[in-house]
Amino acid sequence: MFNLRFDDTNPAAEEEEFVESIIDDVRWLGADWGDRLFFASDYFDRLWAFALQLVETGKAYVCDLSPDEIRSYRGTLTQPGRDSPYRERPAKDSLELFQRMKAGEFPEGARTLRAKIDMASPNLNLRDPVLYRILYARHHRTGDRWCVYPMYDYAHPLCDALEGITHSLCTLEYADHRPLYDWVLDNVESPALSGVRGRPRQIEFARLRASHTVMSKRKLRRLVEEGLVDGWDDPRMPTIAGLRRRGYPPEAIRSFCEQIGVARSDSVVDLAFLEHCVRQDLNRWAPRAMAVLRPLKVTLANYPRDQVEWMEIESNPEDPAAGTRRVPFCGELYIEHDDFLEDPPGKFFRLAPGREVRLKGAYIVKCEGVVKDELTGRIRELRCTFDPATRSEGGEGAGSAGRKVKATIHWVSARHCVPAVVRLYDNLFLAADPEQAAGERDFTANVNPGSLEVLTDCRLEPTLANASPGSRYQFLRQGYFHADPVDCREGRLVFNRIVSLRDTWARVQKTGNAIG
RNA sequence: UGGGGCGUAGCCAAGCGGUAAGGCAGCGGCCUUUGGAGCCGCCAUCGUUGGUUCGAAUCCAACCGCCCCAACCA
């Protein structure tokens, strides 16, 4: 059980624009915080009262040093800091000044409330950290009610305690702040803070990082602002909104998180593992369909001119309960352009002049001729024949006519297919570590120029004609695809490739084993 | 040069004194009407060095490497 809380202690920060989408995304991921949605700003009154108490007990003081002065008084990593000249200000004076800070009597930055801890501490966070600062900014929840705002380090432990939090989990960079977290709890006295579950404890873990992408808000913002992506929910973005738009199922993301574990060592998870989790999930339930992304026309010379057969094909071989669908077949088809090679290398099993392949769920066909564009020499069409004795009759071994073909390829009926736009996504960055490989230039130089390829002439089997936005399919032999929730609608189908299928042929080609 | 953290295979990660789980990636094979899925097999002496112990990835010491900290950010 957990609470969802926004630590909106800084009104200047633009958090506001993110609150709604964070709530939406976290809920989509499957998190359930019941009705326990909180904001640090919910506690501003109580935090103020606790601060008053710290001043009264001499544990905090109002300091008149400017930001620059505070910095120079703080010392360095190796040298201790010096006490502020206002450190020994009488509690009574601090109290009055603190009230006047709240009343808006001083300009922004003129004074702060500081904890009186130890200016010589080797932990810089303990060198009299600022607890409150003056900020004349409108807060998205409290409006203009306040002009003094608590710092995160002060507010966080108190909010945790007030909520009865037992484990306050955060990332490693806060480990140095833990002594301050504990100091605040140790020095504020209140019945409201003595929860039955005991006091909260901060526990740090490494943050999640993945290869071939960037995770920091600062860097993601640059991608958005420099137009390198189309927004925070661009399907290439590692944001929840991006993964969601791309089509990653929340279950797959959760499975990924469970499997990589949580530890304290800095780590970078290979993006391939996330993809594995996505495939693993989708393979189980995503309905199969045939989609030709780069069409190559095929005519079957011996197929009755006006005949149409409706082939019954399983919706998901992984799940017989998913049933079957009926797909129209006729003498004019489209197949994938990549599934034909005029001069195939040794390990190419697909169609080639004089060769046979099986059309998934239909017949074995043989390539008898190639029609080329007279001017460009480009292949325009394939002339094939089909063998009527090889019709797939719902099942393995059926219609084989005693033959074995090396490949089965997907197809669509040219007379029945529906057009679609398909967006092929690839890693946003070419390098596993975008930052490091950038060399002289910054990480943006590593953006993969091929991270998005839009195919506008795709043909889908007609069962996909009314695919609803947000639905996911496996396009046979190609990958998993998501009907884009924003751009896809009836009459204008748009699919995002979530992840490709494992492609051993592509791997063979890459390693050069294909020749010979 | 101060403080905090971390170092187990290319990448994650178990292990907590009794002789290195699991996953991803990779490689080899089987199977297959998705070159998908599935199945089988291969793939580490635990940063280094020394010590304690019958026995150490696990305990101790020193060293090496990497990450974080000097916002009135979170």
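All figures in this text were calculated on a predicted structure; none of them were measured in a lab. So you know, we letter chains A, B, ... as the sequences are listed, proteins then strands, and number each from 1.
- Side-chain N/O atoms of Glu204(A) and base N/O atoms of rG4(B) include no donor-acceptor pair closer than 3.5 Å.
- Residues Tyr248(A) and Phe256(A) keep their aromatic ring centres 6.0 Å or farther apart.
- Taking only distance into account, the side chain of Arg178(A) never meets the base of rG4(B) through a donor-acceptor pair shorter than 3.5 Å.
- Phe349(A) qualifies as a stacking partner of the rG35(B) base, centre to centre under 5.5 Å and near-parallel within 30°.
- No contact: Leu282(A) has no heavy atom under 4.0 Å from any strand.
- Taking atom CZ of Arg350(A) as the reference point, atom P of rU32(B) lies 19 Å away to the nearest angstrom.
- Contact annotation for Glu318(A): base contact, defined as any heavy-atom pair under 4.0 Å involving a base atom.
- His139(A) contributes a side-chain N or O that, together with a main-chain N or O of Asp8(A), makes up a donor-acceptor pair within less than 3.5 Å.
- Checking rC12(B), rG5(B), rG36(B) against the side-chain heavy atoms of Val269(A) singles out rC12(B) as nearest.
- With RNA chain B read from its 5' end, the first of the two nearest nucleotides for Gly361(A) and Arg111(A) is the one closest to Gly361(A).
- Listed nucleotides rU34(B), rC72(B), rA70(B) differ in distance to Leu501(A); the shortest reach to its side chain belongs to rU34(B).
- Of all nucleotides listed (rA74(B), rC12(B), rG2(B)), rG2(B) comes nearest to the side chain of Pro122(A).
- Nearest nucleotide to the side chain of Asn283(A), out of rC72(B), rG4(B), rG36(B): rG36(B).
- The residue Val268(A) sits close only to the backbone: its heavy atoms come under 4.0 Å of sugar-phosphate atoms, none of a base.
- At whole-Å resolution of the value, CD in Gln280(A) and C1' in rA25(B) are 15 Å apart.
- One can place CG of Leu341(A) at 14 Å from C1' of rG35(B), the figure rounded to the nearest angstrom.
- Residue contacts for Ala263(A): at a heavy-atom cut-off of 4.0 Å it reaches the sugar-phosphate backbone alone, with no base atom in range.
- Within 4.0 Å of His410(A), counting heavy atoms only, lies no atom of the nucleic acid at all.
- Residue-level contact check: Ala407(A) touches neither bases nor backbone, having no heavy atom under 4.0 Å from any strand.
- The partner of rC59(B) is rG51(B), judged by Watson-Crick or G-U wobble contacts that both fall below 3.5 Å.
- Look at Asp128(A) and Arg87(A) and you find a salt bridge, because one of the NZ, NE, NH1 or NH2 atoms lies within 4.0 Å of a carboxylate O, short of that distance.
- Pairing for rG36(B) is absent, judged as Watson-Crick or G-U wobble with the two contacts each under 3.5 Å.
- When each of rC24(B), rG35(B), rC72(B) is scored by its nearest atom to the side-chain atoms of Ala272(A), the top-ranked nucleotide is rC24(B).
- For His156(A) and Tyr174(A), the ring centers sit 6.0 Å or farther from each other.
- Interface remark: the Asp503(A) side chain does not form any donor-acceptor pair with the rG35(B) base, using a distance-only criterion of under 3.5 Å.
- The pair Asp426(A)-Arg497(A) does not meet the salt-bridge criterion, since no charged nitrogen lies less than 4.0 angstrom from a carboxylate oxygen.
- Taking the 5.5 Å centre cut-off and the 30° plane limit, the aromatic side chain of Tyr152(A) is not classed as stacked on rA74(B).
- At the heavy-atom level, Tyr149(A) lies nowhere under 4.0 Å from the strands shown.
- Side-chain nitrogen and oxygen atoms of Arg507(A) include at least one within less than 4.0 Å of the OP1 or OP2 phosphate oxygen of rG26(B).
- rG7(B) and rC64(B) make up a base pair, with Watson-Crick or G-U wobble contacts both under 3.5 Å.
- Nucleotide rG2(B) forms a pair with rC69(B), judged by Watson-Crick or G-U wobble geometry with both contacts under 3.5 Å.
- Contact annotation: Arg133(A) reaches the phosphate of rA74(B) (side-chain N/O to OP1 or OP2, under 4.0 Å).
- Within the 4.0 Å cut-off from OP1 or OP2 of rG3(B), not a single side-chain nitrogen or oxygen of Ser121(A) is found.
- Separating the CG atom of Leu274(A) from the P atom of rG23(B) is a distance of 18 Å, rounded to the nearest angstrom.
- The side chain of Thr504(A) has rG36(B) as its nearest neighbour among rG36(B), rA70(B), rA13(B).
- OP1 or OP2 of rA37(B) sits under 4.0 Å from a side-chain N or O of Arg502(A).
- Counting non-hydrogen atoms under 4.0 angstrom, Gly109(A) reaches a base of the nucleic acid.
- When heavy atoms are screened at a 4.0 angstrom cut-off, Gly81(A) is found touching no nucleic acid atom at all.
- Scanning both residues, Tyr86(A) and Val62(A), for their nearest heavy atoms gives CB-O, 3.7 Å.
- Here the side chain of Asp270(A) is nearest to one of rA13(B), rC11(B), rA37(B), namely rC11(B).
- Between the C1' atom of rA74(B) and the NE2 atom of His139(A) lies a distance of 13 Å, rounded to the nearest Å.
- Taking atom CD of Glu356(A) as the reference point, atom P of rU33(B) lies 15 Å away to the nearest angstrom.
- Of the candidates rA74(B), rC72(B), rA13(B), rA13(B) carries the atom nearest the Ser267(A) side chain, counting heavy atoms from C-beta on.
- The pair Glu69(A)-Arg82(A) does not meet the salt-bridge criterion, since no charged nitrogen lies less than 4.0 angstrom from a carboxylate oxygen.
- Counting distance only, with no hydrogens placed and no angle test, the side-chain atoms of Gln474(A) and the base atoms of rU34(B) include a donor-acceptor pair under 3.5 Å.
- Using a 4.0 Å heavy-atom cutoff across all strands shown, Pro317(A) reaches at least one base atom of the nucleic acid.
- Nucleotide rA62(B) is shown with an anti base, its glycosidic torsion being more than 90° from 0.
- Nucleic acid contact for Glu275(A): none, since no nucleic acid atom lies under 4.0 Å from a heavy atom of the residue.
- Contact annotation for Ile70(A): base contact, defined as any heavy-atom pair under 4.0 Å involving a base atom.
- With hydrogens and angles left out, the side chain of Arg358(A) and the base of rU33(B) share a donor-acceptor pair within 3.5 Å.
- For the pair Arg74(A) and rC72(B), the criterion of a side-chain N or O lying under 4.0 Å from OP1 or OP2 is met.
- Distances from the side chain of Thr78(A) to the nucleotides rA13(B), rU1(B), rC73(B) place rU1(B) closest.
- Between rG36(B), rA74(B), rC69(B), one nucleotide has an atom nearer to the side chain of Asp176(A) than all others, and that is rC69(B).
- Using a 4.0 Å heavy-atom criterion, one finds that Thr9(A) contacts the sugar-phosphate atoms exclusively.
- Screening Tyr303(A), Trp310(A), Phe386(A) for a ring-ring contact (aromatic ring centres under 6.0 Å, His included) with Phe329(A), the sole residue that qualifies is Tyr303(A).
- Within the nucleic acid shown, Thr76(A) comes within 4.0 Å of at least one base atom, counting heavy atoms only.
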Evaluation steps, ring pair (Phe, Tyr, Trp, His ring centres under 6.0 Å), between Trp505(A) and Phe349(A): CA-CA 9 Å; Trp505(A) 167 239; Phe349(A) 303 150; 7.5 Å; no
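- One atom, OH of Tyr480(A), and another, P of rU34(B), lie 13 Å apart when rounded to the nearest Å.
- Looking at heavy atoms from C-beta onward, Leu172(A) lies in side-chain contact with Arg264(A) at the 4.5 angstrom threshold.
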